[in-house]
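Take a look at the structure set out below.
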2 protein chains.
Amino acid sequence: MSPARTEWSDAEEEIMRATYRALLSHGYADLSMSHIADELDKSKAAPYYYYDSKDELLVAFLDYAIYRFEDGLDTDVGDDPKERLDHAVEKLLPLRPDEKTRDLQAVLVELRAQAVTNDAFREQFSRLDAEIVETIREIVQRGVDDGTFRDVDATRIAEHVLATIIGGRYGQATTDREDAIGAPRVSLTSYLDAELRPRP
Amino acid sequence: MSPARTEWSDAEEEIMRATYRALLSHGYADLSMSHIADELDKSKAAPYYYYDSKDELLVAFLDYAIYRFEDGLDTDVGDDPKERLDHAVEKLLPLRPDEKTRDLQAVLVELRAQAVTNDAFREQFSRLDAEIVETIREIVQRGVDDGTFRDVDATRIAEHVLATIIGGRYGQATTDREDAIGAPRVSLTSYLDAELRPRP
DNA sequence: GTCTATAAGATGATAGAC
DNA sequence: GTCTATCATCTTATAGAC
């Protein structure tokens with residue numbers, strides 16, 4: 001399992017952006033090198049100078065998309081565990097995502113589905129989910145240690161948060177149900193409050 | 001939004017089964033009429049006698065897969081709200097899914113991702129999710145009414161259960177994380193217990 | 001109903017000019 | 001680095017025989 005890249009040359013960045021746009025308008029199942037080239041405004045052959053195959057390009061794109069998503073997950077927001085947790089939850093499952101955020105999440109939903117049959121994708125999403133759980137777990141554990149939170153199983157809480165977040169995002173990206181994000185987000189907050197608030 | 005079919009002729013059923021097998025071995029993005037024909041052990045032209053296009057066949061298959069999944073969601077398990085809820089949760093997020101169940105869920109995960117860009121798929125998953133929420137909500141509300149459960153917002157609970165279930169399934173189908181299903185399932189049970197148990 | 005043959009076009013990838 | 005031209009293969013879909 002190789003670590004995800006965090007830097008791209010200008011040319012690669014342009015290809016990644018074109019792939020992103022192509023994915024948004026055609027979806028993963030209908031994504032072709034021609035569509036990417038169209039968005040790139042270059043010939044179909046151009047991307048092959050940087051990537052040996054479509055597969056290799058797509059694995060690179062997964063790195064790129066996940067990096068974009070992870071960015072700023074646990075940025076400096078102070079020391080208060082409650083604030084850090086709220087901040088992480090809002091980053092992971094924004095109550096009112098703007099269009100850019102929804103687009104990125106839609107693309108990630110499509111990419112994640114490929115992990116069912118593609119091992120390289122599967123490894124990346126396994127790593128991503130493990131990192132999210134670890135981030136949440138660490139925040140909760142800190143709160144337990146300093147008495148802000150009740151003495152709970154931080155890993156169990158973190159796994160529940162991850163599942164609810166993924167579910168909320170899939171609900172939003174794949175249905176027209178109005179409350180697909182609002183409801184799980186509100187009940188996630190209430191769940192965390194109920195589980196973590198110290199007993200009186 | 002047309003209601004899903006619940007009956008298929010023998011010939012159609014054979015095509016649906018072949019499509020299912022083709023989907024399992026190739027994934028949605030690489031699914032072709034040739035792959036379906038191979039699994040069907042007939043010529044590529046055979047399915048066109050029953051379906052005008054690949055798109056039409058796939059929409060029919062979504063009906064078929066969702067029907068298979070929904071089957072037995074709220075079967076007769078008695079009147080006790082707690083038992084009915086446990087039964088529904090186990091159906092929706094089995095603690096130890098067998099291979100057949102995991103296969104079906106993997107296929108549904110791939111199909112759901114198509115709902116990002118395919119409106120027919122999107123409508124079907126909107127309907128499916130609404131039905132699941134309604135089933136859970138009704139069970140919880142009954143429990144509230146007869147005093148088995150605390151006086152909670154049954155819809156909010158149901159939405160949270162749906163999000164956790166979808167998240168747990170995606171975690172299992174798209175990662176190698178050992179606890180992708182176990183952890184959310186256990187914490188979902190504990191969440192429901194904590195939220196629903198009447199205050200002493 | 002299912003077959004073979006075939007159409008018409010898209011696909012991933014490469015060679016070679018510039 | 002990027003282009004045009006090209007290749008072999010695969011794609012969805014249809015026509016017509018049986």
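Letters A, B, ... mirror the listed sequences (proteins, then strands); counts begin at 1. The model shown is predicted, which means the values in this text are computed figures rather than measured ones.
- Nearest nucleotide to the B/Tyr48 side chain, out of C/dT11, D/dG1, D/dA13: D/dA13.
- Under the 3.5 Å distance criterion, with hydrogens and angles disregarded, a donor-acceptor pair is assigned to the side chains of A/Gln124 and A/Arg127.
- Of the N and O atoms on the side chains of B/Asp98 and B/Thr101, at least one donor lies less than 3.5 Å from an acceptor on the other residue.
- Atom-to-atom, CD1 of B/Ile36 to P of D/dT11 comes out at 11 Å; the value is rounded to the nearest Å.
- Nearer to the 5' terminus of DNA chain C, by closest-nucleotide assignment, is the contact made by B/Asp41 (compared with the other of A/Lys54 and B/Asp41).
- Rounded to whole Å, the distance from OH on B/Tyr49 to C1' on C/dT4 is 18 Å.
- Of the possible donor and acceptor atoms, one in the side chain of B/Tyr20 sits under 3.5 Å from a partner among the backbone N and O of B/Leu104.
- The distance from atom CG of A/Asp10 to atom P of D/dG1 is 11 Å, rounded to the nearest whole Å.
- A/Lys42 places its NZ atom 13 Å from the P atom of D/dT4, with the value rounded to the nearest Å.
- If you measure from atom CG of A/Leu40 to atom C1' of D/dT2, you get 11 Å, rounded to the nearest angstrom.
- Atoms NZ (B/Lys44) and P (C/dA5) sit 12 Å apart, rounded to a whole Å.
- In this structure, a donor-acceptor pair under 3.5 Å is absent between the side chains of B/Glu56 and B/Ser53.
- Using a 4.0 Å heavy-atom criterion, one finds that A/Ser32 contacts the sugar-phosphate atoms exclusively.
- Contact between the side-chain N/O atoms of B/Ser34 and the OP1/OP2 oxygens of D/dT12 is not found at any separation under 4.0 Å.
- Atoms OH (B/Tyr50) and C1' (D/dA13) sit 18 Å apart, rounded to a whole Å.
- If you measure from atom CG of B/Asp30 to atom C1' of D/dT12, you get 16 Å, rounded to the nearest angstrom.
- Contact annotation for A/Ala45: base contact, defined as any heavy-atom pair under 4.0 Å involving a base atom.
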